[in-house]
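Here's the structure we're looking at; comments come further down.
Computed over heavy atoms, backbone and side chain alike; hydrogens, waters and symmetry mates excluded. Each chain gets a letter, A, B and so on, in the order the sequences are listed, and its residues count up from 1.
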Number of protein chains: 2
Amino acid sequence: MDASLAVTALGALAHEHRLAAFRLLVECGPEGLAAGVIAERVGIPASSLTFHLQHLLRAGLATQRRLGRQIIYAADFAAMNDLIGFLTENCCGRGLSARLTTAAACTTIAESSLAKRKAP
Amino acid sequence: MDASLAVTALGALAHEHRLAAFRLLVECGPEGLAAGVIAERVGIPASSLTFHLQHLLRAGLATQRRLGRQIIYAADFAAMNDLIGFLTENCCGRGLSARLTTAAACTTIAESSLAKRKAP
DNA sequence: ACTATATTTCTCGAATTATCGAAATGATCC
DNA sequence: GGATCATTTCGATAATTCGAGAAATATAGT
């Protein structure tokens with residue numbers, strides 16, 4: 001993932017309603033959720049929701065598929081992992097070569113969850 | 001970290017120049033970098049840079065201190081770790097409690113490549 | 001074909017964000 | 001105290017984003 005893609009993804013998540021919608025999608029897994037349900041749960045009109053879902057789609061953070069008369073959105077976990085990978089490597093002191101004593105500060109998280117996912 | 005704080009932080013990073021500046025700060029570690037140097041390296045006028053650095057400050061992603069006649073900015077690694085922690089727990093399928101068989105799916109994706117993500 | 005349902009597109013005003021030069025502030029050196 | 005360097009604040013302008021209703025599109029059932 002390059003910086004400009006990351007900016008797009010970050011921007012897509014940097015909004016109350018979009019973050020809420022995305023978290024909802026994450027909760028539902030690959031199965032996804034119909035647009036109407038998302039709108040209702042997030043508490044915004046359908047047209048507004050579409051506007052925001054388009055953001056997530058453009059950023060590659062969500063996918064869309066039709067199921068009968070409804071359209072199902074699902075979180076794209078791979079994209080989200082890429083984003084977290086980018087942040088971890090480029091914005092957190094990790095993945096930056098030796099001259100950083102900073103690495104230690106960040107190692108904390110490295111243990112707890114991901115980080116070893118992409119051994120150099 | 002709560003959602004609204006995360007939105008602020010994501011928004012702060014969701015801009016080409018701010019992300020560039022922040023990455024620069026991360027590279028420099030706690031030692032930080034003078035505003036002038038950042039402006040030069042990012043390639044924008046000083047007044048524009050200030051505007052963006054204020055964003056990072058407000059979001060808690062950077063700190064400010066004066067050193068002689070220059071003002072040194074440094075990345076706040078703890079805040080960044082909090083953000084990554086939030087994303088990992090709330091937006092990535094991990095850290096979501098039991099009723100999710102989805103968690104497994106996300107982990108799988110993380111490990112391998114993804115491809116078969118579209119299973120019913 | 002007609003009706004109902006689900007969602008998107010369109011449109012436009014309001015609000016926010018971005019850009020940059022000029023002027024103001026703060027600190028240092030003589 | 002005056003000159004100078006580093007940075008921020010101000011102000012004007014341009015661009016983008018947001019919100020929501022109305023109209024349009026697609027699907028399903030009768």
Using only side-chain N and O atoms of [X], determine if any of them is under 4.0 Å from OP1 or OP2 of [N].
{"X": "B:His52", "N": "C:dT19", "result": "yes"}
{"X": "B:Tyr73", "N": "D:dT8", "result": "yes"}
{"X": "B:Ser47", "N": "D:dT8", "result": "no"}
{"X": "A:Thr50", "N": "C:dT8", "result": "yes"}
{"X": "A:His55", "N": "D:dT17", "result": "no"}
{"X": "A:Gln54", "N": "C:dT9", "result": "yes"}
{"X": "A:His15", "N": "D:dG19", "result": "yes"}

Measure [atom1]/[X] against [atom2]/[N] and give the value in whole Å, please.
{"X": "A:Ile71", "N": "D:dA28", "atom1": "CD1", "atom2": "P", "value": "11 Å"}
{"X": "A:His17", "N": "D:dG19", "atom1": "NE2", "atom2": "C1'", "value": "8 Å"}
{"X": "A:Arg65", "N": "C:dA6", "atom1": "CZ", "atom2": "P", "value": "17 Å"}
{"X": "A:Ile72", "N": "C:dT8", "atom1": "CD1", "atom2": "C1'", "value": "15 Å"}
{"X": "A:Ile44", "N": "C:dT7", "atom1": "CD1", "atom2": "P", "value": "13 Å"}
{"X": "A:Leu56", "N": "C:dT7", "atom1": "CG", "atom2": "P", "value": "16 Å"}
{"X": "B:Ile38", "N": "D:dA6", "atom1": "CD1", "atom2": "C1'", "value": "13 Å"}
{"X": "B:Leu67", "N": "D:dC5", "atom1": "CG", "atom2": "P", "value": "18 Å"}

Legend entry - Residue mapping more 5' on DNA chain C - nearest nucleotide basis, B:Gly11 or B:Arg66: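 Nearest nucleotide further toward 5': that of B:Gly11.
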Inset, instruction - Give a yes or no on whether A:Gln64 atom CD has more than 12 heavy-atom contacts from other residues, nucleotides or ligands under 6.0 Å away. - result: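 Check passes, neighbour count above 12.
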Taking the side chain as everything from C-beta on, heavy atoms only, tell me whether [X] gets closer than 4.5 Å to [Y].
{"X": "A:Thr63", "Y": "A:Pro30", "result": "no"}
{"X": "B:Phe86", "Y": "A:Leu19", "result": "yes"}
{"X": "B:Leu13", "Y": "B:Leu56", "result": "yes"}
{"X": "B:Phe22", "Y": "B:Met80", "result": "yes"}
{"X": "A:Asp76", "Y": "A:Leu61", "result": "no"}

Inset, instruction - Between A:Glu16 and B:Val37, name the one whose nearest nucleotide on DNA chain D is closer to the 5' end. - result: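 Going by which nucleotide is closer to the 5' end, it is B:Val37.
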Legend entry - Of A:Arg69 and A:Arg18, the one whose closest DNA chain D nucleotide lies more 5':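 Nearest nucleotide further toward 5': that of A:Arg18.
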Inset, instruction - Go through C:dT8, C:dT19, C:dC20 for me and flag the one nearest to the B:Phe51 side chain. - result: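 Output: C:dT19.
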With sugar-phosphate meaning primed atoms plus P, OP1 and OP2, does [X] contact a base, only sugar-phosphate, or nothing at under 4.0 Å between heavy atoms?
{"X": "B:Ala35", "result": "sugar-phosphate"}
{"X": "A:Ala39", "result": "nothing"}
{"X": "B:Gln64", "result": "sugar-phosphate"}

